[in-house]
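As structure tokens, the structure follows; a few thoughts come after it.
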Amino acid sequence: MDIRTKWLLGATAFAVIGYFLLIYGGCALDARCHLRACPGRRYACGVVYDRNDVPVTQR
């Protein structure tokens, strides 16, 4: 494996990890954010936000 291939693999890994940290890490800090389940209910497919007009005590 040459240096260019190693660099591209490293950049790709950095981008993927950064994406997950940005999306899911930011969701963990927000009380209105929840992970959305896939149709099979086995995996998380994304994030959803609660509506602003629902008080936290009603959940």
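Keep in mind the model is a prediction, meaning the values are calculated, not measured.
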### Message
The criterion is ring pair (Phe, Tyr, Trp, His ring centres under 6.0 Å); which residues satisfy it with Tyr19, sequence neighbours excluded?
### Response
none

### Query
Which heavy atom of Met1 sits nearest a heavy atom of Lys6, and at what distance?
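Closest heavy-atom pair between Met1 and Lys6: O-CE, 3.7 Å.
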
### Arg4 CZ: over 12 foreign heavy atoms closer than 6.0 Å
no

### Query
When rounded to the nearest 0.5 angstrom, what distance separates CZ in Arg32 from SG in Cys27?
10.5 Å

### Query
Counting only N and O atoms by type, is there a donor-acceptor contact under 3.5 Å from the side chain of Thr12 to the main-chain atoms of Leu8?
yes

### Query
Cluster partners of Ile3, using ILVMFWY side-chain heavy atoms under 4.5 angstrom, listed by chain and number?
none

